[in-house]
Amino acid sequence: MGCFSLLKTMMFLFNGAIFLGGAVILAIGIWVKVDGGSFLKILVTAAPQLLQVVNVGYLCIAIGAFLVLMGFLGCYGAMKESRCMLMIFFFIILIIFVAETAGAVVVLAFSSLSKVFIDFLGNIAVENLQNDYGLKEEITTVWNVTMKEFNCCGFNGYQDFNNSFYYRQHSHQYPDVCCLYFNPCTARNISSQVKGCFETFELFLNKNGKVVGGVALGICALEIAAMIVSMALYSMIGNK
């Protein structure tokens with residue numbers, strides 16, 4: 001009986017944290033989409049490094065809603081000893097785990113597929129820079145923060161801004177951040193050390209690959225632990 005109570009408490013606390021975290025992310029996502037202006041002003045003052053959140057409002061809503069659902073299933077299933085809820089919780093975690101494993105295998109085994117995805121992502125980013133940078137404040141701010149933090153310019157390089165809206169409006173000049181705020185920001189004033197943001201991000205991942213791998217393994221371990229605990233509770237409830 002003591003083991004059963006311990007498992008229930010662990011399940012409740014773990015999923016309670018997930019529920020609260022999801023609720024916060026969901027609230028932020030809704031706030032961004034409903035009143036992005038006020039949210040942007042607060043972030044500029046409090047934490048400019050987080051300005052990328054403005055551009056992923058719908059993603060925050062989706063992730064937040066999913067975490068709230070998972071947290072509810074885990075908490076309610078444990079406290080009310082609902083085998084149905086625990087089974088749903090188990091299968092959702094199992095599906096996520098299988099999808100993550102399959103995705104990792106595909107990326108490792110078929111590098112050409114990952115290149116297709118990167119090319120697709122690059123096309124969207126370049127189109128974004130060509131048409132929206134300098135025109136839409138939120139997107140401009142997100143890119144400025146990204147380029148400043150990673151000391152990069154454009155997705156592939158500063159050439160991504162050629163013939164863009166910003167380039168035409170500023171007498172064929174590039175964003176100041178690309179020249180480390182050296183004016184005028186023309187092609188000859190951009191240092192050869194300032195690479196595209198994708199290349200810079202790749203270097204960052206290569207340098208911090210062990211940390212990224214450790215985080216991924218930690219998430220997998222949590223998912224496995226969650227499945228084990230939920231199934232243990234499921235079996236104990238059935239034997240009561």
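The shown structure was predicted, so the numbers you read here are calculated from the model rather than taken from an experiment. Numbers here are sequence positions counted from 1.
- Within the model, atoms OH of Tyr158 and OG of Ser191 stand 11.0 Å from one another, a figure rounded to the nearest 0.5 Å.
- Tyr166 OH to His172 NE2: the interatomic distance, rounded to the nearest 0.5 Å, is 13.0 Å.
- Under a hydrophobic clustering in which Ile, Leu, Val, Met, Phe, Trp and Tyr are joined whenever their side-chain heavy atoms come within less than 4.5 Å, directly or via other members, Tyr234 and Phe12 fall into different clusters.
- Annotation for Ile18 and Leu67: closest pair CG2-O, 3.4 Å, computed over non-hydrogen atoms.
- The environment of CD in Glu127 is sparse: at most 12 heavy-atom neighbours from other residues, nucleotides or ligands sit within 6.0 Å.
- Taken together through direct or relayed side-chain contacts under 4.5 Å among Ile, Leu, Val, Met, Phe, Trp and Tyr, Ile139 and Leu135 form parts of separate hydrophobic clusters.
- Met70 and Leu94 end up in the same hydrophobic cluster when Ile, Leu, Val, Met, Phe, Trp and Tyr side chains are linked at under 4.5 Å.
- To the nearest 0.5 angstrom, Phe89 atom CZ is 14.0 Å from Cys84 atom SG.
- Taking both residues in full, the closest heavy atoms of Gly74 and Met11 are given as O-CG, 3.8 Å, listed atom of the first, atom of the second, then distance.
- Side chains of Ile224 and Phe97 form a contact here, defined as non-hydrogen atoms less than 4.5 Å apart.
- Gln130 places a side-chain N or O within donor-acceptor distance of the main-chain N or O of Asn162, the cut-off being under 3.5 Å.
- For the residue pair Asn15 / Tyr76, no side-chain donor-acceptor distance below 3.5 Å is found, with atom types taken as modelled.
- A pairwise comparison of heavy atoms in Cys179 and Ile190 identifies SG-CG1, 3.5 Å as the closest pair.
- Here the two cysteines Cys152 and Cys197 have their SG atoms closer than 2.5 angstrom.
- Between Tyr133 and the options Phe161, Tyr167, Phe165, a ring pair (Phe, Tyr, Trp, His ring centres under 6.0 Å) holds for only Phe161.
- Heavy-atom minimum distance, Thr140 versus Asp132: OG1-O, 3.9 Å.
- Here the CD1-CD1 distance, from Ile93 to Ile228, works out to 12.5 Å after rounding to the nearest 0.5 Å.
- Within the 4.5 Å cutoff, the side chain of Asn151 has no heavy atoms near those of the Thr200 side chain.
- If you chain together hydrophobic residues whose side chains sit under 4.5 Å apart, Met227 and Ile237 fall into the same group.
- Distance check: Ser235 OG to Arg83 CZ gives 7.0 Å after rounding to the nearest 0.5 Å.
- Within the 4.5 Å cutoff, the side chain of Val177 has no heavy atoms near those of the Trp143 side chain.
- Across every non-hydrogen atom of Met147 and Cys153, the tightest pair is SD-CA, 3.7 Å.
- Under a hydrophobic-cluster definition in which Ile, Leu, Val, Met, Phe, Trp and Tyr are linked whenever side-chain heavy atoms come within less than 4.5 Å, directly or via other members, Leu86 and Leu13 are assigned to different clusters.
- In this structure, CD1 in Ile96 is found 6.0 Å from CD in Glu223, a value given to the nearest 0.5 Å.
- Distance check for Cys185 and Cys178: the SG atoms are not under the 2.5 Å cut-off.
- At least one side-chain heavy atom of Met85 sits under 4.5 Å from a side-chain heavy atom of Phe72.
- In this pair, Phe198 and Phe155 present their aromatic rings parallel. The plane angle is below 30°, not in the 30 to 60° band.
- Summarising the geometry of Ala187 relative to Tyr174, their closest heavy-atom pair is N-CE1, 3.6 Å, with the distance given to 0.1 Å.
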